[in-house]
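A short worksheet on the structure shown next.
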Number of protein chains: 2
Amino acid sequence: MATRTRQSQRRTEALSRERIVEAAVELLDAAGAGGLTVRALTERLTTGPGAIYWHVGNRGELLDAATDAVVAAALATESAEAPDTPQDEIRAVALGLFDAITEHPWLATQLAMQLSRSPLGSVTPRIFESIGQQVRALGVPERNWFTATSALVHYILGAAGQNAANARVLGPDVDRAEFLAAASRAWEELDPEDYPFTRAVADQVREHDDREQFLAGIDFVLTGITTLHPPTGPQ
Amino acid sequence: MATRTRQSQRRTEALSRERIVEAAVELLDAAGAGGLTVRALTERLTTGPGAIYWHVGNRGELLDAATDAVVAAALATESAEAPDTPQDEIRAVALGLFDAITEHPWLATQLAMQLSRSPLGSVTPRIFESIGQQVRALGVPERNWFTATSALVHYILGAAGQNAANARVLGPDVDRAEFLAAASRAWEELDPEDYPFTRAVADQVREHDDREQFLAGIDFVLTGITTLHPPTGPQ
DNA sequence: CTCCATGTTGGAACTGCGCTCCAAACCTGT
DNA sequence: ACAGGTTTGGAGCGCAGTTCCAACATGGAG
């Protein structure tokens, strides 16, 4: 019995960090955060753990790389045309992230983890910069730039994260209606003593549109920013 | 050799779901989300896996229970006196969660995961109700209750989540200063072409106060809500 | 062309995890 | 005292991430 049965040819397509990250994103999309296992990767790329670890370091780094790749793609998409107002630009950036999370539900948790693990990563500055440039364009006084941008980023990531649940099931509309109906029903059955408000809005849950509500929140923050920190002339 | 060496007495303090959750929170506080292992629990409680699984079901359920316990405690704390404005009430609730996350950094990720996993859990309604009652007290028209409350909750959880990193190191002030300085330095060293804004606010990072900034964000959202949805008379 | 140095690969194996199973210990009522 | 259900602790299974290393491929030196 031969000591090796390796495939005669090396691989047709060379293994690379990029190919691994790409496969990782596909696995994450297909099976969620738990679906990204080194073994699943080895199977999909028809290789062994050693090859992967030679390129990647460890699983956490792979998750970070996948997150970074998806976020970068999302932020790169909608900066093509631009003669809109800063508000519209901010909405566009926010919706880009929102949609990215809708498309890759694992992104929500991953973003939360990565940001709270180390704001020094490459994802935070990317998002921060996109939003911040528009905050500056809004005419917000410079000493409030950081606070205003942080508030926007916090809202965007918080809201987008929550809404990831709605996208987790497959269907685009059918499942969503079912899901909302179930949530609404669950809220209606809460204790009237302890949860009067939640029960009162239970039916609004059924009717609401995620993107609209997300944008409404953005408008709250934007209105707050421009009201409390009105522009100080040009720039 | 005897087949058993069990301790002669049963345990002085009976095992219970509550005791397990309590130990779980301590483990989480001490070693982060990864520190909560069944084996560590068995050691801390001087018992075996079977005993724990008899009370708890699985690890996920334990995490949920720990999250729920901490959130419930946080929300219960500051509802003692109350003759403040709805705005102050909302700030109080928000700060309660903010501080809880600061004290239990694992809470941030856990909240994000639990909320995006199933809004049907017990944590979401709890938070939602606390905020929602104050939104109602603000005089927001009923048809906007859900949107306004959602925006506040999203911001609060998003912001609190991000700030969890600052609390992960032990020291209250020393480490924090170092941490911020490091973050600031990292931002200053970014590519001036790609990150002009982020570089420009790098020094604001060093000076800012987390709680103040968090409250400033709350005020943005509150101002936006009351501006876009002004009160419609009493209640 | 040959041969070696260097960069890559894939698989065997180690560790530690969540979890199941079960016999032993406990407790309660009679 | 003892029979019943309840609770416990440990052995062990399967699977995850990760490490280690012998086998390969490749490109330049002789």
Side-chain angles (χ1 to χ4, degrees), chain A residues 1-24 27-28 30-67 106 109-110 113-114 117, chain B residues 1-24 27-28 30-67 106 109-110 113-114 117:
Chain A
M1 178 180 291
T3 50
R4 277 300 168 111
T5 320
R6 236 173 250 264
Q7 54 199 93
S8 44
Q9 281 301 97
R10 191 160 263 251
R11 37 180 58 270
T12 44
E13 215 164 340
L15 202 54
S16 70
R17 190 185 160 96
E18 285 164 19
R19 266 181 55 76
I20 294 177
V21 170
E22 184 187 354
L27 276 178
L28 286 166
L36 177 61
T37 72
V38 177
R39 283 168 167 79
L41 262 183
T42 63
E43 195 175 342
R44 187 175 245 278
L45 297 170
T46 52
T47 178
I52 288 174
Y53 277 89
W54 196 90
H55 288 281
V56 145
N58 56 24
R59 195 189 107 111
E61 191 180 316
L62 219 184
L63 271 168
D64 287 354
T67 305
W106 51 273
T109 308
Q110 205 44 41
M113 295 193 75
Q114 189 163 345
R117 175 148 28 92
Chain B
M1 171 173 290
T3 50
R4 276 301 168 110
T5 322
R6 236 171 249 265
Q7 54 198 89
S8 45
Q9 280 301 96
R10 189 161 263 249
R11 35 179 62 269
T12 46
E13 215 164 342
L15 203 53
S16 69
R17 189 185 162 98
E18 284 164 20
R19 267 181 55 75
I20 294 177
V21 170
E22 185 186 353
L27 276 177
L28 286 166
L36 176 61
T37 72
V38 177
R39 282 167 168 80
L41 263 183
T42 64
E43 195 175 343
R44 187 175 246 277
L45 298 170
T46 53
T47 179
I52 288 174
Y53 277 91
W54 196 90
H55 287 281
V56 144
N58 57 23
R59 195 189 107 112
E61 190 181 316
L62 219 184
L63 270 169
D64 287 354
T67 304
W106 50 272
T109 307
Q110 204 45 40
M113 295 193 73
Q114 189 163 344
R117 175 147 30 89

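Letters A, B, ... are given to chains in the order of the sequence lines, protein chains preceding strands, and every chain is numbered from 1. This one's a predicted model, so the numbers in the text were calculated from it and none came from an experiment.
Rounding to the nearest 0.5 angstrom, the gap separating the CG atom in A:L27 from the CD atom in A:E22 is 11.0 Å.
Atom CZ of A:R17 is separated from atom C1' of C:dG7 by 18 Å (rounded to the nearest Å). The CG atom of A:L36 sits 15 Å away from the C1' atom of D:dC15 (whole-angstrom rounding). For B:E43 and C:dC17, the CD to P distance is 10 Å, given to the nearest whole Å. Going from atom CG of A:L62 over to atom P of D:dT18 covers 10 Å, rounded to whole Å. Taking atom CD on B:E61 and atom C1' on C:dC19, their separation rounds to 14 Å, with Å as the unit. As rounded to whole Å, 15 Å separates atom C1' of D:dG10 from atom CG of B:L15. Atoms CZ (A:R39) and P (D:dG17) sit 7 Å apart, rounded to a whole Å.
Within residues 51-59 of chain B, the residues having any heavy atom closer than 4.0 Å to DNA chain D are, in order of number, B:A51, B:W54, B:H55.
The residue B:V38 sits close only to the backbone: its heavy atoms come under 4.0 Å of sugar-phosphate atoms, none of a base. Nucleic acid contact for B:L41: none, since no nucleic acid atom lies under 4.0 Å from a heavy atom of the residue.
Remark: A:A31 engages no residue in a side-chain contact (heavy atoms from CB on, under 4.5 Å) (not counting sequence neighbours). Applying the side-chain contact (heavy atoms from CB on, under 4.5 Å) criterion to A:A30, with sequence neighbours excluded, gives no partner residue.
Judged as a salt bridge (charged side-chain N to carboxylate O under 4.0 Å, His left out), the pairs with a partner in residues 42-58 of chain A (not counting sequence neighbours) are, in order, A:E26-A:R44.
Nearest nucleotide to the A:P49 side chain, out of C:dC17, D:dT18, D:dG17: D:dT18.
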Listed pairs under 3.5 Å, donor-acceptor, residues 48-60 of chain B side chains, sequence neighbours left out:
residue, atom, partner, partner atom, Å
B:N58, OD1, B:G60, N, 3.4
B:N58, OD1, B:E61, N, 2.9
B:R59, NH1, B:L36, O, 2.6

> How far apart are the C-alpha atoms of A:L63 and A:L28, what are their side-chain angles, what is the distance that settles it, and do they pass the side chain to side chain contact (heavy atoms under 4.5 Å, CB included) test?
Replying inline: CA-CA 9 Å; A:L63 271 168; A:L28 286 166; 4.1 Å; yes
